[in-house]
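We count ligands from 1, going down the list as the structure has it; atoms in each ligand are counted the same way.
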Amino acid sequence: MSDRVFVTRSIPESGLARIREQADCNVWPEQLPPDASRLAEISAGCTGIVTLLSDRIDAAFFDAVGPQLKVVSNFAVGYNNIDVAEATRRGIAVGNTPDVLTDATADVAVGLLLAAARCFREGIENVAQLAWKTWEPMGFIGQDLAGKTLGIVGMGRIGAATAARLRHGWNMDVVYTSRSPKPEVDDQLQARRVELNELLQISDFISVHTDLNPQTERLFDAAAFDRMKSTSVLVNTSRGGVLDQAALAAALANGQIFAAGLDVTDPEPLPSDSELHELPNCVILPHIGSGTVAARDAMAQIAADNVLLGMAGKPLRHPVNPS
Ligand code: GLV
């Protein structure tokens with residue numbers, strides 16, 4: 001009997017076709033995700049699951065799916081949606097899709113940084129509302145990028161790619177926080193590893209690239225915004241939970257920081273009553289960091305490799321369980 005795989009949303013055919021060749025593959029056909037009980041119900045009896053970052057995969061899910069489950073293949077680089085410790089305890093392999101979305105996500109970080117620094121949201125809304133009357137010498141005045149200080153929070157692959165763009169393109173000075181020293185980044189980008197408080201105080205632009213974990217949850221709270229420059233711009237393309245959104249809204253509304261650009265929120269989608277919707281100095285995108293043809297195709301291929309290898313009992317192409 002062939003292995004059964006559930007794919008929790010439609011993903012590029014480059015990956016799906018490979019799974020279909022080797023397994024009995026069922027794909028959730030709707031745009032909105034199945035709720036937790038439906039997800040568990042459809043996944044019951046599967047040996048492999050391809051999940052999205054919006055699917056919560058935990059002990060209750062594993063109980064419902066059954067002991068034959070061998071692998072969870074997340075169609076994302078981040079995997080905070082999965083209880084990896086619990087999967088490991090049960091001998092279930094977990095895989096992710098790193099590297100192939102690094103450039104795509106770094107491009108969005110830089111795009112958000114420019115958009116927030118140069119008042120794109122105000123400008124776009126002004127034009128769309130037919131309120132553009134004349135060339136405005138005193139309106140839509142933003143911040144320069146060239147030669148400023150960039151703070152990267154989380155100097156992994158995407159943080160380094162974002163820093164490289166801003167170092168080489170705008171000659172920014174780069175400081176960063178990271179769990180471990182990054183001598184190659186220090187060399188290539190003349191970057192300096194600092195404590196978070198120093199980074200908050202000296203940076204003109206801050207781009208967040210850390211994963212979401214108990215140490216980084218709500219890392220940017222009211223106290224952090226207090227330390228930042230009133231001219232500073234904050235960009236987040238990692239996970240919404242790294243920021244305290246109420247504190248961010250207050251900091252943006254009272255001029256404690258200049259602007260923010262968010263590709264991620266908590267929760268997603270951003271609730272309709274969030275104050276961030278009302279703030280012209282907050283540019284918000286619907287989590288599109290990896291959204292290019294090439295990145296999503298490559299992610300689908302890795303997700304397929306991970307699920308097929310896991311079902312065959314072989315090491316995944318990109319495993320995230322501790323070795
Ligand atoms: C996107 O946020 C990802 O983790 O791939």
Cationic N near anionic O, under 4.0 Å, R9 to D55: yes

Sub-4.0 Å heavy-atom environment of ligand 1, residues by chain: L53, A76, V77, G78, L101, R239, H287

Pairs flagged by salt bridge (Lys or Arg N to Asp or Glu O under 4.0 Å) wherever residues 104-118 is involved - sequence neighbours left out: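 Applying salt bridge (Lys or Arg N to Asp or Glu O under 4.0 Å) to every pair that reaches into residues 104-118, excluding sequence neighbours, yields D107-R165.
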
Side chain to side chain, V175 and I152, heavy atoms closer than 4.5 Å: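 A side-chain contact under 4.5 Å is absent here.
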
Side-chain (T149) to main-chain (D204) donor-acceptor, under 3.5 angstrom: no

Test side chain to side chain contact (heavy atoms under 4.5 Å, CB included) applied to E122 - qualifying residues, sequence neighbours left out: C119, F140, P280

Pairs satisfying side-chain hydrogen bond (donor to acceptor under 3.5 Å, both in side chains), at least one member in residues 123-142, at least two apart: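 Counting only pairs at least two positions apart or across chains, the side-chain hydrogen bond (donor to acceptor under 3.5 Å, both in side chains) contacts touching residues 123-142 are R121-E125.
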
